[in-house]
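Just so it is clear: chains get the letters A, B, ... in the order the sequence lines come, proteins before strands, and each one is counted from 1. Predicted, not measured: the structure shown is a model, and the values here were computed from it.
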Number of protein chains: 2
Amino acid sequence: MDDIQNILARNVHQARQEKGTSQEDLAGLTGIDRTYVSGIERGIRNPSIKIVAKIADVLRIAPSDLLVL
Amino acid sequence: MDDIQNILARNVHQARQEKGTSQEDLAGLTGIDRTYVSGIERGIRNPSIKIVAKIADVLRIAPSDLLVL
DNA sequence: ATGTGACTTGTAGTCCGTG
DNA sequence: ACACGGACTACAAGTCACA
């Protein structure tokens, strides 16, 4: 399975780890619920592009980078 | 205003025009309603990443390309 | 062929918790 | 610090008539 949700999941997880931040910190900084962040990184959520933009903003990367294979 | 919705709007519109396809054709090929496609290109919709992936697939570009500034 | 408003239904997204 | 679940609420998904 290599659908768009799993691509996002991998990219968010990797970018977050590289910044050394926890899911809870990311949640706090983005204003997104911690359980929702967890769901995104597990590939079981289908977020809107606004959510993607918020995460990208906090991680200081381009939104498009979160969708690259 | 240069938010994520307008970025997507511009990219979808441009990529679609370059392929020479109408909104109706894009709607038919993606299975998305014509008026919803219209809303995306006007930047008033906040679609999920699955919707973005469907459109990218039909336009034969990477999903990430639809989010680049 | 497309823009737009007004919907209804499904799910995105939140908030409480547990192990 | 994270996975996972239940019960919500907000908003995206999807449709229509009309310009």
Side-chain angles (χ1 to χ4, degrees):
Chain A
M1 284 281 283
D2 208 42
D3 63 5
I4 192 72
Q5 297 187 17
N6 285 307
I7 292 171
L8 178 69
R10 185 166 22 78
N11 289 332
V12 170
H13 184 75
Q14 183 175 343
R16 180 178 63 79
Q17 295 279 33
E18 286 173 358
K19 299 289 177 182
T21 72
S22 67
Q23 286 184 355
E24 287 181 346
D25 287 343
L26 180 57
L29 291 168
T30 53
I32 301 169
D33 193 77
R34 62 178 174 79
T35 65
Y36 197 65
V37 171
S38 170
I40 288 173
E41 288 199 11
R42 281 181 287 136
I44 63 173
R45 291 289 187 166
N46 177 32
S48 70
I49 59 172
K50 274 189 179 175
I51 295 284
V52 173
K54 275 188 193 172
I55 295 173
D57 190 48
V58 167
L59 294 177
R60 300 184 191 193
I61 57 180
S64 58
D65 286 345
L66 290 175
L67 294 187
V68 294
L69 185 66
Chain B
M1 284 282 282
D2 207 42
D3 63 5
I4 193 72
Q5 297 188 18
N6 286 307
I7 291 171
L8 178 69
R10 184 166 21 78
N11 289 331
V12 170
H13 183 75
Q14 182 174 342
R16 180 177 62 78
Q17 295 278 32
E18 286 172 357
K19 299 289 175 182
T21 71
S22 66
Q23 286 184 356
E24 284 185 343
D25 288 342
L26 180 57
L29 291 167
T30 53
I32 302 170
D33 192 78
R34 174 188 75 75
T35 65
Y36 195 72
V37 172
S38 171
I40 289 173
E41 288 198 13
R42 282 180 290 135
I44 64 172
R45 294 282 189 165
N46 178 30
S48 71
I49 58 173
K50 274 189 179 175
I51 296 284
V52 173
K54 275 188 195 173
I55 295 173
D57 189 47
V58 167
L59 293 177
R60 297 183 195 180
I61 57 181
S64 59
D65 286 345
L66 290 176
L67 293 187
V68 294
L69 185 66

At 4.0 Å (heavy atoms only), tell me whether Gly31(B) reaches a base, stays on the sugar-phosphate, or touches nothing. nothing
For Gln5(A) and Gly43(A), which heavy atoms make the closest approach, and how far apart are they? OE1-O, 2.9 Å
When the distance from NZ of Lys54(A) to P of dC11(D) is rounded to whole Å, what number comes out? 10 Å
Nearest to the side chain of Arg45(B), heavy atoms from C-beta on, is which of dG3(C), dC2(D), dG14(D)? dG14(D)
Please give, in whole Å, the distance from dA12(C) P to Gln5(A) CD? 8 Å
Please state how far atom CD1 in Ile4(B) lies from atom C1' in dA12(D), giving the value in whole angstrom units. 16 Å
Matching residue for Arg16(A) among Gln14(A), His13(A), Glu18(A) - test: side chain to side chain contact (heavy atoms under 4.5 Å, CB included): His13(A)
Could you state the CD1-P distance from Ile49(A) to dA12(D), rounded to the nearest angstrom? 10 Å
Compare the minimum distances between each of dA1(C), dT15(D), dG13(C) and the side chain of Glu24(B), then state the nucleotide with the smallest one. dA1(C)
Does a side-chain N or O from Ser38(A) land closer than 4.0 Å to OP1 or OP2 of dC2(D), or not? no
What nucleic acid atoms does Ile51(B) come within less than 4.0 Å of, heavy atoms only: base, sugar-phosphate, or nothing? sugar-phosphate
I want to verify a distance call: between dT14(C), dA12(D), dT2(C), whose nearest atom is closest to the Asn46(B) side chain? dA12(D)
Check whether any side-chain heavy atom of Arg34(B) lies under 4.5 Å from a side-chain heavy atom of Glu24(B), and answer yes or no. yes
In whole angstroms, the gap separating C1' of dA1(D) from CD of Gln17(A) amounts to 11 Å
How do Arg16(B) and Ser48(B) order along DNA chain C: which one's closest nucleotide is nearer the 5' end? Arg16(B)
Using atom CG of Asp33(A) as one end and atom P of dG6(D) as the other, report the distance to the nearest whole Å. 16 Å
Rounded distance in Å - CD1 (Ile44(A)) to P (dA12(C)): 11 Å
No-H, no-angle donor-acceptor pair, Thr35(B) side chain to dC16(D) base, under 3.5 Å: yes
Pick the P atom in dC18(D) and in dA1(C), then give their distance to the nearest Å. 22 Å
Could you go through residues 59-69 of chain B and list every donor-acceptor pair under 3.5 Å that involves a side-chain atom there, pairing it with any protein atom two or more places apart or in another chain?
none

What's Ile32(B) touching, base or sugar-phosphate or nothing? Going by heavy atoms closer than 4.0 Å. nothing
From CD of Glu41(A) across to C1' of dC4(D) the rounded distance in Å is 15 Å
Taking Ala9(B)'s backbone N and O only, do any of them form a donor-acceptor pair with Asn6(B)'s side chain (distance below 3.5 Å, no angle check)? no
Whether Arg34(A) contacts dA1(D) is assessed here as follows: a side-chain N or O lying under 4.0 Å from the phosphate OP1 or OP2. Is that the case? no
